[in-house]
There are 2 protein chains.
Amino acid sequence: MPVDSDPDLFKAIGDATRRTILDELTDRDGQTLFEICGRLTMKHGLASSRQAISQHLAVLEQAGLVHTRRQGRYKFHHIDTSPLRSIVERWPIDREEPNP
Amino acid sequence: MPVDSDPDLFKAIGDATRRTILDELTDRDGQTLFEICGRLTMKHGLASSRQAISQHLAVLEQAGLVHTRRQGRYKFHHIDTSPLRSIVERWPIDREEPNP
DNA sequence: TTGACAGGCAAGTTGTGACTTGCCTATAAC
DNA sequence: GTTATAGGCAAGTCACAACTTGCCTGTCAA
């Protein structure tokens with residue numbers, strides 16, 4: 001009776017705002033909380049509060065998708081996509097060669 | 001200002017019961033609703049009602065992860081993992097060779 | 001044609017998760 | 001020291017999604 005694994009991972013990518021945060025960190029890695037807030041508002045047009053983004057980042061960090069590094073009063077956020085590997089390993093995707 | 005794509009996909013895999021259904025269809029493809037209900041109870045120890053599973057299957061079908069085929073009074077469910085490809089394409093996973 | 005079986009539809013309940021609000025700590029600039 | 005900046009903590013609000021409940025439709029066997 002196998003248990004469901006990585007519930008935190010699926011919860012993390014289940015929210016649209018968190019997915020946009022991952023997009024943003026993919027575009028420019030190592031941003032601070034305030035940077036992310038600013039760019040989400042500017043580029044993606046969604047006006048979320050600082051606290052909301054902070055909570056989203058905590059969820060992403062718990063899922064292992066984001067690692068943080070403190071430096072003085074700044075905290076830099078780095079993306080780590082390796083946990084996503086477990087998804088395609090769990091439900092293998094049939095290889096489909098474009099031109100055999 | 002890019003829009004978030006595939007919200008249905010992430011919603012679908014965001015629920016633990018639906019992930020177990022995908023596990024079950026990976027193990028044995030083309031099951032009917034009642035078969036899935038039975039095996040979820042037996043093998044995975046979760047006792048969900050028929051209606052609950054039916055609604056889960058509808059969500060999975062809307063995400064393109066499950067396709068259905070009617071035959072008489074039976075409806076067979078087939079898994080399709082290809083939508084999962086968009087996840088690893090959106091946030092590329094760094095290739096890490098085991099032994100360089 | 002009547003009963004059993006496989007599945008569908010729709011309204012109601014409830015728990016969880018996203019977001020806010022308010023206040024607090026720590027580092028750096030002046 | 002004082003002030004501004006970067007971030008944290010915790011309780012409260014609210015909406016949505018999972019699940020239930022009850023009834024209905026369609027297919028097949030007797």
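Each chain gets a letter, A, B and so on, in the order its sequence line appears, and its residues count up from 1.
For a distance-only test at 3.5 Å, the side chain of A:Gln55 qualifies as a donor-acceptor partner of the base of C:dT20.
Side-chain contact check for A:Arg69 and A:His78: at least one donor-acceptor pair (N or O, by modelled atom type) lies under 3.5 Å. A:Glu61 and A:His67 share no side-chain donor-acceptor pair at under 3.5 Å.
Nucleotide D:dG8 holds its C1' atom 13 Å from the CD atom of A:Glu61, rounded to whole Å. Rounded to an integer number of Å, the gap from CD1 of B:Ile53 to C1' of D:dA17 is 15 Å. Spacing between atom CG of A:Leu46 and atom P of C:dT20 amounts to 11 Å, rounded to whole angstrom units. Computed from coordinates, the A:Gln51 CD to C:dT25 P distance equals 16 Å when rounded to whole Å. Computed from coordinates, the B:Leu60 CG to D:dA17 C1' distance equals 14 Å when rounded to whole Å. Atom-to-atom, CZ of A:Phe10 to C1' of C:dG17 comes out at 18 Å; the value is rounded to the nearest Å. With rounding to whole Å, B:Arg70 atom CZ is found 9 Å from D:dT27 atom C1'. Atom CG in A:Leu57 sits roughly 13 Å away from atom P in D:dC9 (whole-Å rounding).
Each of A:Gly14 and A:Tyr74 was matched to the nucleotide of DNA chain C holding its nearest heavy atom; the match closer to the 5' end belongs to A:Gly14.
One finds no side-chain N or O of A:Ser54 lying less than 4.0 angstrom from the OP1 or OP2 phosphate oxygen of D:dG7. Look at B:Arg50 and you won't find any side-chain N or O under 4.0 angstrom from OP1 or OP2 of C:dG8. Remark: A:Ser49 is not in phosphate contact with C:dC19, judged by side-chain N or O atoms under 4.0 Å from OP1 or OP2. Side-chain nitrogen and oxygen atoms of A:His56 include none within less than 4.0 Å of the OP1 or OP2 phosphate oxygen of C:dG17. At least one side-chain nitrogen or oxygen of B:Arg18 sits closer than 4.0 Å to the OP1 or OP2 atom of D:dA18. Taking 4.0 angstrom as the limit, B:Lys75 places a side-chain polar atom (N or O) nearer than this to OP1 or OP2 of C:dG8.
Near DNA chain C, meaning a heavy atom under 4.0 Å away, there are no residues from residues 24-40 of chain A.
Within 4.0 Å (heavy atoms only), A:Ser48 reaches no atom of the nucleic acid at all.
With respect to A:Asp6 and A:Arg90, no salt bridge is recorded, no charged nitrogen being found less than 4.0 Å from a carboxylate O.
At least one donor-acceptor pair closer than 3.5 Å links the side chain of A:Arg18 to the backbone N or O of A:Ala12. A:Gln55 places no side-chain N or O within 3.5 Å of a backbone atom of A:Ala52 that could act as its donor or acceptor partner. In terms of modelled atom types and a separation under 3.5 Å, the side chain of B:Asp29 and the main chain of B:Ile79 share a donor-acceptor contact. Between the A:Ser54 side chain and the A:Arg50 main chain, no donor and acceptor come within less than 3.5 Å of each other.
In the set C:dA18, D:dC28, D:dG8, the nucleotide with an atom closest to the side chain of B:Arg73 is D:dC28.
Checking each of B:Asp23, B:Asp80, B:Thr81 against A:Trp91 for a side chain to side chain donor-acceptor pair (under 3.5 Å) leaves exactly one that passes, namely B:Asp23.
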